[in-house]
2 protein chains.
Amino acid sequence: MSISSRFAVGIHILTLIEVNKDRVCTSEFIAGSVNTNPAVIRKIMGMLKNAGLVNVRPGIAGAELAKDLSEITLLDVYKAVNVVQENELFSIHENPNPACLVGRNIQDTVSSVFSTAQSAMEKALETVTIKDVVTDILEKEKL
Amino acid sequence: MSISSRFAVGIHILTLIEVNKDRVCTSEFIAGSVNTNPAVIRKIMGMLKNAGLVNVRPGIAGAELAKDLSEITLLDVYKAVNVVQENELFSIHENPNPACLVGRNIQDTVSSVFSTAQSAMEKALETVTIKDVVTDILEKEKL
DNA sequence: ATACTTGTAATCGAATTAATTACAAAAGAG
DNA sequence: CTCTTTTGTAATTAATTCGATTACAAGTAT
């Protein structure tokens with residue numbers, strides 16, 4: 001199974017707010033760029049807001065970044081949109097047999113490895129910022 | 001969303017075959033340790049077999065490792081049980097608006113980052129072998 | 001022939017996803 | 001104050017995936 005596209009959409013939203021910073025970014029406008037329903041955008045935007053990445057206010061059109069571009073990592077976005085719970089990237093099989101040597105110990109052992117692997121992935125996300133994404137997109141457009 | 005527990009179960013199966021190598025490991029016996037249905041075990045075992053990690057034959061009770069313990073990495077198991085497709089750990093949002101600067105470029109940019117993050121996770125899995133898992137479990141039991 | 005096992009397909013309920021509709025509440029314009 | 005626009009949020013829907021279960025054909029040994 002794949003990690004929810006909320007993450008990709010969250011990145012899209014933040015990137016668009018920056019690139020389009022001279023104009024007002026309503027949920028409808030953003031939905032037009034992402035190609036989805038405005039309510040989906042508002043829901044994800046609410047998560048970004050709770051995480052302190054974005055400023056939006058009821059009744060007032062438009063969203064703005066709440067932090068500097070270069071201080072928002074993709075890990076921040078990933079955590080904000082809640083696509084993977086802490087230490088739950090991998091599922092552990094529940095209730096193995098405690099009467100079996102392997103059954104009663106495998107969960108601890110495997111959890112530890114899974115945790116390490118998940119951390120490696122998250123560290124990779126931490127090295128990239130929204131600024132990097134914006135720069136990369138503008139770069140692509142030049143060619 | 002979490003990665004299917006098939007992965008954790010696959011690790012459990014291989015570990016159990018090793019730890020229990022002096023006895024015959026039928027799908028029913030393994031299911032008893034994992035605490036699931038034998039058909040589930042047979043399905044996963046079929047995947048491990050296709051990947052060349054295990055020897056099983058129709059009608060003949062018991063499974064054996066097809067490789068040395070120390071030569072089976074968790075990445076091998078992960079790939080065998082098909083829990084995550086190549087470059088599909090993260091979902092990309094489909095059909096962003098090509099008329100938008102961000103919409104027409106975001107997929108490439110984001111895919112590249114996602115691929116890097118997925119690789120980091122898989123590399124971590126590659127550093128651990130079934131032998132490590134077995135050793136860790138036996139170690140735990142000593143205490 | 002009988003008993004046991006593997007291989008595999010079909011089915012089921014549960015959980016999750018993204019999309020959609022609907023509407024209350026907030027803000028601003030006239 | 002009234003009307004319009006927008007955000008915030010809940011409810012519903014169809015599609016997808018998962019693990020469990022049942023069932024049975026086919027292979028092997030006694």
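Every chain is numbered from 1, with letters handed out A, B, ... down the list of sequences. No hydrogens, no waters, no symmetry mates; every other heavy atom, side chains included, goes into these values. Remember, it's a predicted structure, so these values are computed and weren't measured experimentally.
- Here the closest non-hydrogen pair linking Glu126(A) and Thr73(A) is O-CG2, 3.5 Å.
- If you find the closest nucleotide of DNA chain C to Pro58(B) and to Ser91(B), the one lying nearer the 5' end belongs to Pro58(B).
- Atom CE in Met47(B) sits about 17 Å away from atom P in dT6(C), given to the nearest Å.
- The distance between atom CE of Met45(B) and atom P of dT6(C), rounded to the nearest whole Å, is 7 Å.
- In plain terms, the two heavy atoms of Met45(B) and Val56(B) that are nearest each other are CG-CG2, 3.6 Å.
- Listed here is the closest heavy atom pair of Pro96(B) and Gln107(B): CD-NE2, 3.4 Å.
- For the pair Leu74(A)/Phe7(A), a side-chain contact is recorded, criterion being any heavy-atom separation below 4.5 Å from C-beta on.
- Comparing Asn82(A) and Arg42(A) by the nucleotide of DNA chain C that holds the closest heavy atom to each, the one mapping nearer the 5' end is Asn82(A).
- Where DNA chain D meets chain A (any atom under 4.0 Å from a heavy atom), the bounding nucleotides read 5' to 3' are dT6(D) to dA20(D).
- Regarding Lys49(A), its NZ atom lies at a distance of 11 Å from the C1' atom of dA26(C), rounded to whole Å.
- Ser27(B) has a side-chain polar atom (N or O) that falls below the 4.0 Å cut-off from OP1 or OP2 of dT6(C).
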Val84(B)/Gln118(B) under side chain to side chain contact (heavy atoms under 4.5 Å, CB included): CA gap, chis, key distance, verdict:
CA-CA 10 Å; Val84(B) 175; Gln118(B) 179 170 346; 3.5 Å; yes
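- Between the CG atom of Asn37(B) and the C1' atom of dA9(C) there is a distance of 14 Å, given to the nearest Å.
- For the pair Ile60(B) CD1 and dC4(C) C1', the interatomic distance rounds to 12 Å; values are reported in whole Å.
- Between the P atom of dT5(C) and the CD1 atom of Ile41(B) lies a distance of 15 Å, rounded to the nearest Å.
- Residue Ala39(A) has its side chain nearest to dT20(C) when only dT6(C), dT20(C), dA19(C) are considered.
- You'll find the side chain of Ile137(A) stays beyond 4.5 Å of the side chain of Val19(A), heavy atoms only.
- For Glu64(B), the CD atom is loosely surrounded, since the number of other residues' heavy atoms within 6.0 Å does not exceed 12.
- Taking atom CD1 of Ile44(B) as the reference point, atom C1' of dG7(C) lies 14 Å away to the nearest angstrom.
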